[in-house]
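Below is one structure, written out as structure tokens; the observations come after it.
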Amino acid sequence: MWQSHEGRNTNLHLNAESRRDVMVLGLSLPVFTMVHVIISLIAIVAGLVVMFGLLGSKPMPGLTAIFLLFTILTSATGFLFPFKELLPSHIIGIISLVLLAIACIALYGMKLAGVWRPVYIVTAMISLYFNVFVLVIQSFLKVPALAALAPAVPPAPPSGPVFAVVQGIVLVFFVVLTIGAWRRFRPVAFA
């Protein structure tokens, strides 16, 4: 399920050696996975800075463009991993791409006029949340100390009270900050 974003789709039953033989965009699967992870981390860091900028009513057009571009790339590259069936990670990717399209229209097409300001805030922040949501899942799958706290049985994501509390904290964090950005972000001019 969630392993598809890390190049380890359990539907394909790829072992470590055969994973090196799979190529995506001319890159071995492990190298492509690393590129995908780097793109995702850039999107998350830029998105968090943009989120706090929204709270201070600071538009940050350059960083916002990086956030949107890298978040789009994160979702798009997720579909390039080998898979046999539609997975929950793909559904999140599809929803994220739709939200990002709306965010780009609100920001660049409608210039955040009227209702487009809150539309942009909500769609951009939900897309950022999805990226962080998947980052938390991947952290519990890949970091041994976290994996021990919330074991996963592939293809299911991690579970248990620790995992649920962490994801709950992340969700509350994003809800509170998105509401704050909605109330406080009043850009004078953008884009």
In Å and rounded to the nearest 0.5 Å, what is the [atom1] to [atom2] distance from [X] to [Y]?
| X | Y | atom1 | atom2 | answer |
| --- | --- | --- | --- | --- |
| I179 | I121 | CD1 | CD1 | 11.5 Å |
| L99 | L128 | CG | CG | 12.0 Å |
| I95 | L100 | CD1 | CG | 12.0 Å |
| T178 | L55 | OG1 | CG | 8.5 Å |
| H90 | F79 | NE2 | CZ | 6.0 Å |
| I42 | T74 | CD1 | OG1 | 8.5 Å |

Identify the heavy atoms of [X] and [Y] that sit nearest to each other, and give their distance.
| X | Y | result |
| --- | --- | --- |
| M60 | V49 | CE-O, 3.4 Å |
| S96 | S75 | OG-OG, 3.4 Å |
| P158 | F140 | CG-CB, 3.5 Å |
| A103 | A124 | CB-N, 4.1 Å |
| R186 | R183 | NH2-O, 3.5 Å |

Does [X] share a hydrophobic cluster with [Y], counting links as ILVMFWY side-chain heavy atoms below 4.5 Å and allowing steps through other members?
| X | Y | answer |
| --- | --- | --- |
| F173 | Y129 | yes |
| I169 | F52 | no |
| L69 | V98 | no |
| V45 | V50 | no |
| V172 | V136 | no |

When you measure from the side chain of R117 to the backbone of K111, do you find a donor-acceptor pair of N or O atoms at a distance under 3.5 Å?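 Flag not set: sc R117 to bb K111 has no pair under 3.5 Å.
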Look only at the side chain of T77 and the backbone of L73, and say whether a donor-acceptor pair between them is shorter than 3.5 Å. yes
Just wondering, do [Y] and [X] contact through their side chains at under 4.5 Å, heavy atoms?
| X | Y | value |
| --- | --- | --- |
| L177 | M125 | no |
| I92 | F133 | yes |
| K58 | F185 | no |
| S139 | V166 | no |
| S28 | V22 | no |
| S127 | L97 | no |
| R184 | S57 | no |
| T64 | Y120 | yes |

Apply side-chain contact (heavy atoms from CB on, under 4.5 Å) to L68 and L107, showing your working. CA-CA 10 Å; L68 292 171; L107 178 62; 3.7 Å; yes
Proximity of F32 and F81 rings by center, below 6.0 Å: yes
Assess whether side-chain contact (heavy atoms from CB on, under 4.5 Å) is satisfied between Q138 and V143, documenting all intermediate values. CA-CA 8 Å; Q138 289 299 328; V143 177; over 6 Å; no
After noting the C-alpha distance and the side-chain angles of L135 and L41, does the key distance pass the side-chain contact (heavy atoms from CB on, under 4.5 Å) rule? CA-CA 9 Å; L135 174 66; L41 292 174; 4.1 Å; yes
Evaluate side-chain contact (heavy atoms from CB on, under 4.5 Å) for C104 paired with I72, printing each intermediate quantity in order. CA-CA 10 Å; C104 288; I72 290 167; 4.2 Å; yes
